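Throughout, numbering of the chain's residues begins at 1 and tracks the sequence. As a basis for the values below, the full set of heavy atoms in this structure was taken, side chains included, without hydrogen atoms, waters or symmetry mates. Worth saying up front: this structure is predicted, and the values here are computed from it rather than measured.
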Amino acid sequence: MRILGVDTSTATASVALIDGRETSIGYTSARGNHSETVLPLIQAVLDKADCQLADLAAIAIAIGPGSFTGLRIGLALIKGLAYRGNLPVLGVSSLEAQAARVRDLAGLICPLLDARKQEVYAAVFELRDGILLRRMADRACAITSIATLFDPASAAPPIAFVGAGAERYREELLRMFNGRARLIGEANAESAAHAVARLALGRFADAPGNDLGQLVPFYLGAPMGLGNTHGIVPNPLKY
């Protein structure tokens with residue numbers, strides 16, 4: 001079973017193709033205008049795998065939170081491909097995909113994506129016996145308040161931080177958590193698109209696809225100029 005994974009929730013778009021054994025067939029990523037880069041990336045991955053749209057079982061897409069423009073572009077492109085190829089589409093939380101990139105460290109994982117203005121999109125997961133368990137819903141918050149999401153006890157275990165937000169606020173996190181923070185660099189984790197495809201693969205038997213008419217980007221907050229709606233927003237996806 002081949003599933004194409006796509007992530008456009010950050011400035012770096014990524015595409016990956018996995019088969020039923022969760023083996024990566026092809027992967028690439030690029031920065032730039034997603035409306036110009038994503039389709040060539042998809043074609044490059046399909047060519048590398050000697051695969052066509054008709055050979056896919058489904059397409060998986062990160063639906064947010066993340067870049068408002070990136071999410072809209074990515075979902076619109078994937079819907080177009082899905083309609084053309086008559087393929088099911090599975091939406092995956094961008095933050096869950098970021099957490100799923102960490103596969104070798106048991107314990108708490110906090111994915112962070114940059115929300116600008118000293119704010120991040122955050123969630124908390126726990127990796128236990130190879131299974132990723134959600135411990136906190138996706139939310140938008142100030143980087144200075146991240147410590148309030150965790151038990152302040154000195155004996156608490158380390159926390160793995162991953163994602164572009166963790167990269168941007170690396171020094172603040174190291175200072176804030178006083179030795180508890182483990183920063184997972186972008187080069188030390190699999191691609192977000194690979195994680196999106198892998199998560200979708202695990203759910204495909206029970207959820208063969210979202211209703212394309214109902215599948216929309218999951219926003220936290222609001223685009224600049226429209227005011228803020230900070231806090232926890234109910235996620236339309238089932239975990």
Side-chain angles (χ1 to χ4, degrees), residues 5 7 9-10 14 16 18 22 60-66 71 90-115 119-143 145-153 155-170 172-174 176-177 179-204 206-207 217-221 230-239:
D7 176 60
S9 56
T10 69
S14 62
I18 65 173
E22 300 191 20
I61 176 75
I63 67 165
L71 293 173
L90 293 92
V92 175
S93 161
S94 302
L95 288 172
E96 184 178 9
Q98 290 292 327
R101 298 173 63 205
V102 182
R103 305 187 69 179
D104 300 328
L105 299 174
L108 294 178
I109 302 172
C110 181
L112 298 176
L113 294 177
D114 185 19
E119 295 181 344
V120 290
Y121 302 121
V124 178
F125 296 83
E126 181 180 2
L127 187 60
R128 181 187 297 176
D129 298 327
I131 299 174
L132 190 65
L133 305 171
R134 180 177 282 274
R135 296 306 186 202
M136 188 191 81
D138 298 349
R139 66 175 65 188
C141 59
I143 187 63
S145 68
I146 289 295
T148 65
L149 306 181
F150 300 95
D151 183 351
I159 303 163
F161 291 91
V162 64
E167 289 277 350
R168 176 167 183 178
Y169 296 108
R170 177 184 182 87
E172 289 90 335
L173 292 169
L174 291 174
M176 194 182 308
F177 287 90
R180 287 186 66 192
R182 299 184 64 174
L183 278 295
I184 310 299
E186 293 298 292
N188 298 321
E190 68 181 9
S191 74
H194 189 172
V196 166
R198 184 162 49 79
L199 288 169
L201 175 64
R203 300 169 185 166
F204 188 64
D206 297 325
F218 171 48
Y219 296 140
L220 281 172
H230 295 165
I232 302 175
V233 177
N235 196 314
L237 300 178
K238 295 180 179 179
Y239 297 99

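What you find for L90 and A200 is that their closest heavy atoms are CD2-O, 4.0 Å. Taking every heavy atom of both residues into account, P111 and Q98 meet most closely at CB-CB, 3.6 Å. Taking each heavy atom of D138 and A123 in turn, the nearest pair found is OD1-CB, 3.4 Å. Closest of all the heavy-atom pairs between A122 and I146 is CB-CD1, 4.1 Å. The two residues F125 and E96 make their nearest non-hydrogen contact at CZ-CA, 3.5 Å. Scanning both residues, V196 and A97, for their nearest heavy atoms gives CG2-CB, 3.5 Å.
If you take CZ on F218 and CG on L71, they are separated by 10.5 Å, rounding to the nearest 0.5 Å. Atom-to-atom distance recorded for L173:CG and C110:SG is 8.0 Å, nearest 0.5 angstrom. Here the CD1 atom belonging to I143 is positioned 5.0 Å from the CE atom belonging to M176, to the nearest 0.5 angstrom. Between L113 atom CG and S94 atom OG the span is 6.5 Å, to the nearest 0.5 Å. The structure places CD of E119 at 10.0 Å from CG of D114, a figure rounded to the nearest 0.5 Å. For the atom pair OG of S93 and OH of Y121, the computed distance is 12.5 Å after rounding to the nearest 0.5 Å.
In terms of the side chain to side chain contact (heavy atoms under 4.5 Å, CB included) criterion, residue partners of A142 (sequence neighbours excluded) are, by chain and number, T144, S145. Residues forming a ring pair (Phe, Tyr, Trp, His ring centres under 6.0 Å) with F204 (at least two apart in sequence, or on another chain): none. Checked against side-chain hydrogen bond (donor to acceptor under 3.5 Å, both in side chains), R135 has the following partners two or more places apart in sequence or in another chain: E126. Taking L127 as the reference, I109, L132 meet the side chain to side chain contact (heavy atoms under 4.5 Å, CB included) condition, with sequence neighbours excluded.
When atom types are taken as modelled, the side chain of S9 and the backbone of G64 share no donor-acceptor pair closer than 3.5 angstrom. Using modelled atom types, one side-chain atom of R180 and one backbone atom of P157 make a donor-acceptor pair closer than 3.5 Å.
Ring centers of F177 and F161: under 6.0 Å apart, within the cut-off.
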- Item | Full working for side chain to side chain contact (heavy atoms under 4.5 Å, CB included) between I63 and V92 | CA-CA 6 Å; I63 67 165; V92 175; over 6 Å; no
Atom pairs and distances, side-chain donor-acceptor, residues 182-191, under 3.5 Å, sequence neighbours left out:
| from | atom 1 | to | atom 2 | distance (Å) |
| --- | --- | --- | --- | --- |
| E186 | OE1 | R101 | NH1 | 3.4 |
| E186 | OE1 | R101 | NH2 | 3.4 |
| E186 | OE2 | R101 | NH1 | 3.4 |
| E190 | OE1 | H194 | ND1 | 3.4 |
| E190 | OE2 | R198 | NE | 3.3 |
| E190 | OE2 | R198 | NH2 | 2.4 |
| S191 | OG | H194 | N | 2.9 |

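When side chains are defined from C-beta on, I131 counts as touching L133, because their heavy atoms get closer than 4.5 Å. A 4.5 Å side-chain heavy-atom check between F150 and L108 finds at least one atom pair inside the cut-off.
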